[in-house]
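Note sheet for the following structure.
Remember, predicted model here, so these are calculated numbers, not experimental data. Atoms within a ligand are numbered from 1 in the order they appear, just like the ligands themselves.
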Amino acid sequence: MTDLIAGQTVEILLTREKIEARVCELAAEIARDYRGRAPHLVGVLKGAWVFMADLIRQLDFDLTVDFLGISSYGVGAQSSGKIKITKDLDVSIEGRDILIVEDILDTGRTFKFLQDMLSVQQPRSLRLVTLLDKTSRRVVPVHADYVGFEISDVFVVGYGLDFNQRYRQLPDLRVLRSQPSV
Ligand code: IMP
Ligand code: MG
């Protein structure tokens, strides 16, 4: 990975082993609550796809999956404040138990937007599982039902999370300290 991360400080925040162990614990909690209810898991692209892939393989009961594509950040680490749908749901969620799968809950704006948009379609229930939660950054008062790790106000990449679409393939979660213009 040295070529990939040259010139940037990307120290490990959470190792792949630590993430794997926590994903198993989250799956156990979710299984307790959803077994027998055939939940519909909705992954938020692109950041959540790696987490979702690991999570669903720990869930040994009937479920279905879909993805929502949204882009909330323009370029870099700063939120543009605008949320755009880049891929809509494939099937109706009416009457379904929906579990949104997110990579990270930051200001809360994205989840609030999704909550408002999806609840109009009258799901039976709507909950959120997020791998990471930056509670100190919250602007909108929302909370996740299942949280992998609470982290401080740092910018993280890897395990699906990006900076300018890069670093998603890193197996560990790393802190990006310097952000040179690219
Ligand atoms: P929110 O709307 O501020 O809660 O932003 C949530 C979205 O911002 C996440 O789904 C990520 O795509 C992105 N995001 C927030 N913090 C980070 C970070 O530290 N690294 C990478 N993406 C982030
Ligand atoms: Mg995201």
Seminar exercise, completed: Here the atoms of ligand 1 under 4.0 Å from any heavy atom belonging to V154 are 19 (O)

For this session: Using a strict 4.0 Å cut-off to heavy atoms of R109, name the atoms of ligand 1 that fall inside it.
Result: 2 (O), 4 (O)

Exercise. Would R22 and E25 pass as an ion pair if we require N to O under 4.0 Å?
Worked result: yes

Problem set entry | Any donor-acceptor N/O pair, T86 side chain to G69 backbone, under 3.5 Å | yes

For this session: Pick whichever of V175, L45, D103 has a heavy atom sitting closest to atom 12 (O) of ligand 1.
Result: D103

Problem set entry | Those atoms of ligand 1 less than 4.0 Å from some heavy atom in F155 | 17 (C), 18 (C), 19 (O), 20 (N), 21 (C), 22 (N)

Exercise. So do Y34 and L41 actually touch side chain to side chain, heavy atoms under 4.5 Å?
Worked result: no

Exercise. Heavy atom of G47 under 4.0 Å from ligand 1?
Worked result: no

Problem set entry | Proximal atoms of ligand 1 relative to D162 (non-hydrogen, under 4.0 Å) | 21 (C)

For this session: Pull out every atom of ligand 1 sitting under 4.0 Å from any heavy atom of E102, numbered as shown with elements.
Result: 10 (O)

For this session: Before accepting this row, confirm whether a basic side-chain N of the pair D133/R138 lies closer than 4.0 Å to the acidic partner's carboxylate O.
Result: yes

Problem set entry | Distance-only N or O hit between ligand 1 and V156, under 3.5 Å | yes

Problem set entry | Within-4.5 Å side-chain heavy-atom neighbours: I30 and L55 | yes

Exercise. What part of D106, side chain from CB on, backbone N/CA/C/O, both or neither, has a heavy atom under 4.0 Å from ligand 1?
Worked result: both

Exercise. Should you measure from each heavy atom of T110, which atoms of ligand 1 turn up under 4.0 Å away?
Worked result: 1 (P), 2 (O), 5 (O), 6 (C)

Exercise. Ignoring hydrogens and geometry, is there a side-chain-to-backbone donor-acceptor pair from K87 to F67 under 3.5 Å?
Worked result: yes

For this session: Could you tell me whether the side chain of D103 and the main chain of L161 form a donor-acceptor pair under 3.5 Å?
Result: no

For this session: Check K134 against ligand 1 and report side chain, backbone, both or neither, counting heavy atoms closer than 4.0 Å.
Result: side chain

Exercise. Hey, does L161 come in under 3.5 Å of ligand 1, counting only N/O atoms on both sides?
Worked result: no

Exercise. Is a side-chain N or O of R168 found less than 3.5 angstrom from the main chain of G160, in a donor-acceptor match?
Worked result: yes

